[in-house]
Amino acid sequence: MTVRLGVTGATGRMGREVIAAAAGREDCEVAFAVNRDPAGETIEGVDIEPAAEFDSLVADREPAAVIDFTGPESAVDYARACADAGVAFVTGTTGFDDDEYEALEDASEEIPVLHAPNFARGVQALLNVVGEAVRNLPGYDVELVETHHNAKRDAPSGTANRLLEEIEANGDFGERVHGREGEAPRSESEIGVHALRAGNVTGEHEIVLADNHEEVRLTHRAEDRGVFAAGAVDAAVWIAGQKAGWYDFADVIGE
Ligand SMILES: NC(=O)C1=CN([C@@H]2O[C@H](COP(=O)(O)OP(=O)(O)OC[C@H]3O[C@@H](n4cnc5c(N)ncnc54)[C@H](OP(=O)(O)O)[C@@H]3O)[C@@H](O)[C@H]2O)C=CC1
Ligand SMILES: O=C(O)C1=N[C@H](C(=O)O)C[C@H](O)C1
């Protein structure tokens, strides 16, 4: 069966990759793709339509799932529209505040919703091992450094926040300290968090665990945005067969 997909944020860095990833597969097809101001563009043979036509495109082209890489406000709007239309929703957008995240969770009462701050399988593996590393090294200093391209809006990255949750769930830590300046000695239990923005870096996350005699570094480096797009399309094909509820990328990989 071919899964029909809608794509939002289609002319963005990720939207283009999602369309290319879907075009290269036989188990799915792009039913429509929208962007805020598409200016008549075509990507991989798909005409990019204005975002204002989203509701009517969903009604006419009947996608089984929508893949969203836009921004937090837009993602929430699309999640609500998908809930109204009964269409599954997959979003890789990051930077949601608590209210926005709650709105996504509300939508999951009516449709399947999957949010993953990172669709790289290597990041999922990193999430699986970081807690174990922290548990094995009690009392070690923990610092997280993430590096992204100079156009990224949110900081720290969604992936960094997710890694921090995993670290905190597995050790006895104090506050997160975002960067340091001036007189800023390290307290024993704080977690230092550092967001670098430079050039065209696709996405790097490194966790440093150290005491005074040794250090361990766990690093993930995305070489190409195609890795995120492939994971997002896997998630959309998978979610098309699920019932309403809240899912994450681990659910997709676990099957
Ligand atoms: N989960 C993951 O694996 C990954 C997540 N991300 C996240 O994905 C999001 C997008 O990243 P990226 O592609 O780099 O960002 P871009 O800014 O390149 O792309 C976002 C696109 O969404 C469009 N857009 C914004 N609002 C709407 C709307 N209402 N309707 C339709 N289109 C809209 C923008 O249009 P316009 O040009 O008009 O602003 C733009 O084309 C970010 O939150 C990022 O952190 C990124 C990479 C991987
Ligand atoms: O904006 C990006 O580019 C990325 N954003 C995601 C995040 O915030 O974690 C994932 C990836 O690192 C690329």
Side-chain angles (χ1 to χ4, degrees), residues 6-21 32-39 41 43 48-55 57-58 66-82 89-97 100-101 104 113-124 126-127 144-166 193 195-207 219-236 247-250 252-253:
V7 178
T8 63
T11 62
R13 278 174 290 271
M14 278 307 300
R16 291 173 186 281
E17 296 284 346
V18 167
I19 294 171
F32 71 85
V34 296
N35 207 78
R36 204 156 32 190
D37 184 15
E41 203 177 332
I43 301 171
I48 311 305
E49 322 269 358
E53 288 173 22
F54 181 81
D55 289 347
L57 286 163
V58 168
V66 165
I67 302 180
D68 165 85
F69 285 91
T70 54
E73 249 183 74
S74 314
V76 166
D77 289 345
Y78 287 126
R80 289 196 177 115
C82 283
F89 185 68
V90 170
T91 181
T93 297
T94 57
F96 295 104
D97 66 23
E100 289 162 341
Y101 210 69
L104 287 186
V113 174
L114 188 151
H115 174 245
N118 198 308
F119 279 105
R121 283 170 185 251
V123 163
Q124 196 55 51
L126 181 58
L127 283 164
L144 188 151
V145 185
E146 55 99 334
T147 310
H148 284 85
H149 54 93
N150 57 23
K152 183 161 177 61
R153 301 173 84 90
D154 53 318
S157 68
T159 310
N161 284 327
R162 184 74 184 73
L163 286 163
L164 287 164
E165 286 169 14
E166 208 56 39
V193 184
L196 281 59
R197 296 290 176 263
N200 193 27
V201 178
T202 303
E204 296 179 13
H205 294 86
E206 181 165 64
I207 298 125
T219 309
H220 179 271
R221 183 173 304 112
E223 309 275 353
D224 188 298
R225 288 189 181 89
V227 76
F228 307 133
V233 174
D234 286 343
Y247 300 96
D248 69 24
F249 194 42
V252 179
I253 290 179

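Note that these values count all heavy atoms, side chains included, but never hydrogens, waters or copies made by symmetry. In each ligand, atom 1 is the first atom listed, and ligand 1 is the first ligand listed. All figures in this text were calculated on a predicted structure; none of them were measured in a lab.
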Return yes or no for this condition: an N or O of [X] is under 3.5 Å from an N or O of ligand 2.
| X | answer |
| --- | --- |
| Gly158 | yes |
| Thr159 | yes |
| Arg225 | no |

Among all the protein's non-hydrogen atoms, which is closest to [atom], and how far away is it?
| atom | value |
| --- | --- |
| atom 8 (O) of ligand 1 | Phe69 CD2, 3.4 Å |
| atom 16 (P) of ligand 1 | Arg13 NH2, 3.6 Å |
| atom 26 (N) of ligand 1 | Ser74 OG, 3.0 Å |
| atom 44 (C) of ligand 1 | Thr94 OG1, 3.7 Å |
| atom 5 (N) of ligand 2 | Lys152 NZ, 3.1 Å |
| atom 19 (O) of ligand 1 | Gly12 CA, 3.3 Å |
| atom 9 (C) of ligand 1 | Thr70 O, 3.6 Å |
| atom 37 (O) of ligand 1 | Asn35 ND2, 4.0 Å |
| atom 38 (O) of ligand 1 | Arg36 NE, 3.2 Å |

Does any part of the side chain of [Y], heavy atoms only, come nearer than 4.5 Å to the side chain of [X], both counted from C-beta?
| X | Y | answer |
| --- | --- | --- |
| Glu49 | Leu57 | yes |
| Thr8 | Phe89 | no |
| Val34 | Val7 | no |
| Leu196 | Val201 | no |

Atom pair [atom1]/[atom2] of [X] and [Y] - distance to nearest 0.5 Å:
| X | Y | atom1 | atom2 | answer |
| --- | --- | --- | --- | --- |
| Leu144 | Leu163 | CG | CG | 6.0 Å |
| Arg153 | Thr93 | CZ | OG1 | 11.5 Å |
| Thr147 | Lys152 | OG1 | NZ | 12.0 Å |

Should Val66 and Phe54 be marked as a side-chain contact (heavy atoms from CB on, under 4.5 Å) after you check the CA-CA gap, both sets of side-chain angles, and the distance that decides it? CA-CA 11 Å; Val66 165; Phe54 181 81; 4.0 Å; yes
So for [X], does at least one of its heavy atoms come nearer than 4.0 angstrom to any atom of ligand 1?
| X | result |
| --- | --- |
| Phe54 | no |
| Ala116 | yes |
| Pro117 | yes |
| Thr8 | no |

By number and element, which atoms of ligand 1 are closer than 4.0 Å to a non-hydrogen atom of [X]?
| X | answer |
| --- | --- |
| Lys152 | 45 (O) |
| Phe228 | 3 (O), 47 (C), 48 (C) |
| Thr11 | 41 (O) |
| Ala51 | 30 (N), 31 (C) |
| Thr93 | 8 (O), 43 (O) |
| Gly92 | 1 (N), 2 (C), 4 (C), 5 (C), 6 (N), 7 (C), 8 (O) |

Within ligand 2, which atoms have a heavy atom of [X] less than 4.0 Å away?
| X | answer |
| --- | --- |
| Asn118 | 10 (C), 11 (C), 12 (O) |
| Pro117 | 6 (C), 7 (C), 9 (O), 10 (C) |
| His148 | 2 (C), 3 (O), 4 (C), 11 (C), 12 (O), 13 (C) |
| Thr94 | 7 (C), 8 (O) |
| Thr202 | 3 (O), 13 (C) |

Nearest candidate to atom 2 (C) of ligand 2, where distance is taken over non-hydrogen atoms, out of His149, Met14, Glu204: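 Answer by nearest heavy atom: His149.
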Heavy-atom nearest option to atom 46 (C) of ligand 1, drawn from His148, His149, Met14: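 Looking at heavy atoms only, Met14 sits closest to atom 46 (C) of ligand 1.
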Can you check whether Pro117's main-chain N or O pairs, donor with acceptor, with Thr94's side chain at less than 3.5 Å?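 Here the side-chain-to-backbone pair does not exist.
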Could you tell me whether the side chain of Asn35 and the main chain of Thr11 form a donor-acceptor pair under 3.5 Å?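 Answer holds: yes.
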Contact (N/O only, under 3.5 Å) between Ala120 and ligand 1: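 Between Ala120 and ligand 1 (N or O atoms, distance only) the closest approach is not under 3.5 Å.
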Of all the heavy-atom pairs spanning [X] and [Y], show the shortest one and how long it is.
| X | Y | answer |
| --- | --- | --- |
| Ala229 | Met14 | N-CE, 3.6 Å |
| Val18 | Val233 | O-CG2, 4.0 Å |
| Ala75 | Thr70 | N-OG1, 3.5 Å |

Working for side-chain contact (heavy atoms from CB on, under 4.5 Å), residues Asp224 and Thr202: CA-CA 6 Å; Asp224 188 298; Thr202 303; 5.8 Å; no
Assess whether side-chain contact (heavy atoms from CB on, under 4.5 Å) is satisfied between Arg121 and Asp234, documenting all intermediate values. CA-CA 11 Å; Arg121 283 170 185 251; Asp234 286 343; 3.1 Å; yes
Salt bridge (Lys or Arg N to Asp or Glu O under 4.0 Å) for Glu166 and Arg162? Distances and angles first, verdict last. CA-CA 7 Å; Glu166 208 56 39; Arg162 184 74 184 73; 3.3 Å; yes
Given Ser157 and His148, is the side-chain hydrogen bond (donor to acceptor under 3.5 Å, both in side chains) satisfied, shown in steps? CA-CA 8 Å; Ser157 68; His148 284 85; 4.7 Å; no
Test side-chain contact (heavy atoms from CB on, under 4.5 Å) on Phe32 and Val58; report intermediate values, then the result. CA-CA 8 Å; Phe32 71 85; Val58 168; 3.7 Å; yes
How does Glu146 reach ligand 2, by side chain, by backbone, by both or by neither, if only non-hydrogen atoms under 4.0 Å count?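 No part of Glu146 is near ligand 2 at this cut-off.
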Looking only at heavy atoms of Phe228, does any of them come nearer than 4.0 Å to an atom of ligand 2?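 Judged by the 4.0 Å heavy-atom criterion, Phe228 does count as contacting ligand 2.
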Applying a strict 4.0 Å limit to heavy atoms, is His205 in contact with ligand 2?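 His205 counts as a contact of ligand 2 under the 4.0 Å cut-off.
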Positive for ring-ring contact (aromatic ring centres under 6.0 Å, His included) with His115, one of Phe249, Phe96, Phe69: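 Answer after filtering Phe249, Phe96, Phe69: Phe96.
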